[in-house]
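Fair warning: this is a prediction, and the values are worked out from it, not measured in the lab.
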Amino acid sequence: MEAIRRMGLHHTKSQKALEKLIARHVPRDAFMAFEDAYFDGDRKARLRAGEFARGHKRSAVGSIKHFYNNETFHEALEAHGAKPAPLRSTGLVVGRLGIFNISRLNVPGHKWTNLRRSSTRASLAELNEQIQRKYVQADLFAEPQDIAAATLFVLGVMDGQDENGLAQLTHCMVALPSPTLDSWLYLKTMKEFLKVYDRGLPSGQADKAMPKLKTTTRKKKTGTEDDSGNP
């Protein structure tokens, strides 16, 4: 039982460390914009699909959602300085904030999705090997290693159904995929993740400035002494 308790404690610490890492590189308002973009794209696609005959609606909405969601997500990335590549056909839209490559992904919430069907997505996930080693598998008290790049997915969970029987977005999630795309290193609903910002974040840099107390020493006749502390 003690071993299980300690494993749970390590897991909790690693998850908290991961969410602080994400929040340090991706601002709250960017995540809020990504979520708004997802709901906007989903709404537009379902409205457009209503123009098709009943037998075509479900097939049509899947394709239309991809394009609308790509466009709205691309706009959100651009607005927050993530510099996504230009839109191109069915290609993934990927932006970059801090160390994180950011892309979106539609998933059903009730079953596992085979994510490796996309070679681009698989290549992006491989970047998370450093994160897995540092935060999930390694000792949290070991000497920290710099992470040059990683990948984060904004998941759009399509577990709802509108009045026309079309799949509908219910909520978004923040996810760090494992390097092999067979599990999640971190996964939390957007609503829960945004609470991380309310708890406050570490500055990310230790304050090494050492205040110096003045002593009653003999005055010098040649100028004054300058402090050499760090700014």
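Both V26 and M32 are part of a single hydrophobic cluster, where members link through side-chain heavy atoms under 4.5 Å apart. Cluster annotation: L97 and V94 are assigned to distinct hydrophobic clusters (Ile/Leu/Val/Met/Phe/Trp/Tyr, side-chain heavy-atom contacts under 4.5 Å, transitive). Residues M158 and V174 share a hydrophobic cluster, clusters being chains of Ile/Leu/Val/Met/Phe/Trp/Tyr side chains in contact below 4.5 Å. Hydrophobic clustering, with ILVMFWY side chains joined whenever heavy atoms are under 4.5 angstrom apart, groups L194 together with F39. When the side chains of ILVMFWY residues are joined at heavy-atom separations under 4.5 Å, either directly or via intervening members, Y186 and V154 end up in a single hydrophobic cluster.
The closest side-chain heavy-atom distance from W184 to L155 is below 4.5 Å. Here the side chains of F67 and T90 are in contact, with some heavy-atom distance below 4.5 Å. Using a 4.5 Å heavy-atom threshold, the side chains of K188 and E19 count as touching. Taking the side chain as every heavy atom from C-beta outward, Q132 and S178 approach each other to under 4.5 Å. Looking only at side-chain heavy atoms (C-beta outward), D29 and H80 come within less than 4.5 Å of each other. A heavy-atom distance below 4.5 Å is not found between the side chains of V61 and F52. Inter-residue side-chain proximity for R104 and V93 is flagged as unmet; no heavy-atom pair is nearer than 4.5 Å. With a 4.5 Å cut-off on side-chain heavy atoms, Y135 and I147 count as touching.
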Side chain to side chain contact (heavy atoms under 4.5 Å, CB included) evaluation trace for F31 with L152: CA-CA 11 Å; F31 275 123; L152 180 152; 3.9 Å; yes
side-chain hydrogen bond (donor to acceptor under 3.5 Å, both in side chains) assessment of Y38 paired with N106: CA-CA 10 Å; Y38 235 130; N106 289 355; 2.7 Å; yes
Test side chain to side chain contact (heavy atoms under 4.5 Å, CB included) applied to T189 and V157, step by step: CA-CA 10 Å; T189 65; V157 182; over 6 Å; no
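With rounding to the nearest 0.5 Å, the separation of CG in L105 from SG in C172 is 11.0 Å. Atom CG in D159 sits 5.5 Å away from atom OG1 in T170 (nearest 0.5 Å). In this structure, CE on M173 lies 12.0 Å from CZ on F193, to the nearest 0.5 angstrom. The line from NZ of K134 to CG of N128 is 13.5 Å long, rounded to the nearest 0.5 Å. Atom CD1 of I131 sits about 7.0 Å away from atom CG of L185, to the nearest 0.5 Å.
Formation of a donor-acceptor pair under 3.5 Å by the S14 side chain with backbone atoms of V136 is not found in this model. Although no hydrogens or angles enter the test, the distance criterion places a donor-acceptor pair under 3.5 Å between the side chain of N69 and the main chain of D42. At least one donor-acceptor pair closer than 3.5 Å links the side chain of N70 to the backbone N or O of G91. Between the N101 side chain and the A150 main chain, a donor and an acceptor come within less than 3.5 Å of each other. Side-chain atoms of T72 never come within 3.5 Å of backbone atoms of D40 as a donor-acceptor pair (strictly under, hydrogens ignored). Here the side chain of R96 pairs a donor or acceptor atom with the backbone of G98 at under 3.5 angstrom. Put simply, the side chain of H74 gets close to the backbone of A85: a donor and an acceptor are under 3.5 Å apart.
When every heavy atom of K65 is checked against every heavy atom of A45, the shortest pair comes out as CG-CB, 3.3 Å. The two residues V196 and A23 make their nearest non-hydrogen contact at CG1-CB, 4.0 Å. The two residues L181 and F153 come nearest to each other via the heavy atoms CD2-CE1, 4.1 Å. Shown here for E71 and L87, the closest heavy-atom pair between the two residues is CG-CD1, 3.8 Å. Summarising the geometry of A167 relative to R46, their closest heavy-atom pair is O-CD, 3.5 Å, with the distance given to 0.1 Å.
More than 12 heavy-atom neighbours from other residues, nucleotides or ligands sit within 6.0 angstrom of NE2 on H66. With a 6.0 Å radius and a threshold of 12 heavy atoms from other residues, nucleotides or ligands, M190 has its CE atom above the threshold.
With sequence neighbours left out, R58 forms a side chain to side chain contact (heavy atoms under 4.5 Å, CB included) with Q161, L166. Here E51 pairs with R48 under the salt bridge (Lys or Arg N to Asp or Glu O under 4.0 Å) rule; sequence neighbours left out.
Salt bridge annotation for K195-D198: absent, with no cationic side-chain nitrogen under 4.0 angstrom from a carboxylate oxygen.
When each of E129, Q130, Q137 is paired with R133, the side-chain hydrogen bond (donor to acceptor under 3.5 Å, both in side chains) condition holds for E129 and for no other.
Taking the six-membered ring where the residue is Trp, F34 and F73 present tilted rings, their angle falling between 30° and 60°.
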